[in-house]
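Accompanying notes for the structure given below.
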Amino acid sequence: MVQAWTMGIKLPGISDGQADMVLSRVMQMAVVIQIVMIVVGALVCFFGLKLVRVLSVLAGMVIGSGIGTGAAFGLGFSGTMIPITILLCTIVMAVLCCGVRKLGIFFVVLLHTTGIAASLFLPGIKDLTQLFIVLGISGAAAILLSVLAMIKPEIIVVVVTGISGGLSVGTAAAALLGMAQNIWAGYGISGAAALIGIWVQFMMQSRKIGKNERVYAERMKGQVSRESEVEKARRILEEEDEEHQNSGKAVKGSNAKDDEDGEDDDIKFINL
């Protein structure tokens, strides 16, 4: 529509006033979509690790809808069974990804890595051979990173979400600035946003780790202090027991001595 309007081509059944209105609506929708892409991309870029639970639910919904669509058409369903199957699979996968953290992270990294590969490599593809090669490499890289994310989730999630969100911000920002045709401008904005987002996420994660370490240290310090107090109380009780025992022995010894002295006196009296 935009190209036809700029080239002065008359669209059949549409007057000039209607074409102006349609073009205006299309431009407004495009601007709104680009602003939404910037906002969502910034959230993913700067808070990807903190929003990993939400991203897991969304990834589960996407994967579940794909599985449901494949199952519905593969099993030959028709009518209302198709949307019901898709809805059930979507809900089940969303719940699983929300409940099982590693599963959710796996699909989050898988989808975002696939999106990164599509944004970077698909624009330069010229034939089907390159398309299949790029798809194969991208799929292998996405699966590899998804498996690594289950082992080191924080690092992989921060890097992948930072790059993915940065690409979204850069692409939309370049389009808003009228530089959509200049691919390097979009890549430059995307790279800067990705680097800043990754740095911010790592800083927030390091602060979180430091806070947890301080809480753990304070807890251990309190536990040690309680143990020391218990040990001091135990020692005081032991010392009191020893004092009681020593005093008891002393009393017994003095009584025994008095008895011996009394017996000696009696004997001496009898001898007299």
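Given the structure is predicted, the values throughout are model-derived calculations rather than measurements. Quick note: residue numbers are just sequence positions, from 1.
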Handout entry: Among Val134, Thr129, Leu135, the one residue meeting side-chain contact (heavy atoms from CB on, under 4.5 Å) with Leu131
Key = Leu135

In Å, rounded to the nearest 0.5 Å, how long is the span from [atom1] of [X] to [atom2] of [Y]?
X	Y	atom1	atom2	value
Tyr187	Thr171	OH	OG1	7.5 Å
Arg53	Cys97	CZ	SG	10.5 Å
Ser146	His112	OG	NE2	10.5 Å
Thr113	Ile143	OG1	CD1	10.5 Å
Phe107	Met93	CZ	CE	4.0 Å
Ile82	Thr69	CD1	OG1	9.0 Å

Please check if [X] and [Y] belong to a single hydrophobic cluster, counting links between Ile, Leu, Val, Met, Phe, Trp and Tyr side chain heavy atoms closer than 4.5 Å.
X	Y	answer
Val62	Leu145	no
Ile196	Met203	yes
Leu167	Ile33	no
Ile105	Leu49	yes
Val57	Leu103	no

Exercise for the section: Examine distances only and state if a side-chain atom of Ser190 and a backbone atom of Gly186 form a donor-acceptor pair shorter than 3.5 Å. Expected result: yes

Problem - Side chain Thr161, main chain Cys45, donor-acceptor under 3.5 Å - result: no

Nearest atoms (heavy-atom pairs only) where [X] meets [Y]:
X	Y	result
Gly162	Gln201	N-NE2, 3.9 Å
Ala142	Thr114	CB-OG1, 3.9 Å
Ala149	Val109	CB-CG2, 3.6 Å
Pro153	Arg101	CG-NH1, 4.2 Å
Cys89	Gly64	CB-O, 3.3 Å
Ile38	Ala172	CG1-CB, 3.4 Å

Practice task
Kindly indicate, with the supporting measurements, whether the criterion side chain to side chain contact (heavy atoms under 4.5 Å, CB included) is fulfilled by Val147 and Phe106.
Solution key: CA-CA 7 Å; Val147 173; Phe106 179 88; 4.2 Å; yes

Exercise for the section: Please check if atom CE in Met204 has more than 12 non-hydrogen atoms from other residues, nucleotides or ligands closer than 6.0 Å. Expected result: yes

Handout entry: CA sep, side-chain torsions, deciding dist, call: Leu51, Val44, side chain to side chain contact (heavy atoms under 4.5 Å, CB included)
Key = CA-CA 8 Å; Leu51 298 174; Val44 174; 5.9 Å; no

Handout entry: Side chain proximity check, Ile86 to Ile67, heavy atoms < 4.5 angstrom
Key = no

Handout entry: Pair Val108-Leu58, side chain to side chain contact (heavy atoms under 4.5 Å, CB included): steps then yes or no
Key = CA-CA 8 Å; Val108 167; Leu58 296 176; over 6 Å; no

Handout entry: Residues Ile84, Phe77; criterion side chain to side chain contact (heavy atoms under 4.5 Å, CB included); working and verdict
Key = CA-CA 10 Å; Ile84 290 174; Phe77 292 159; over 6 Å; no

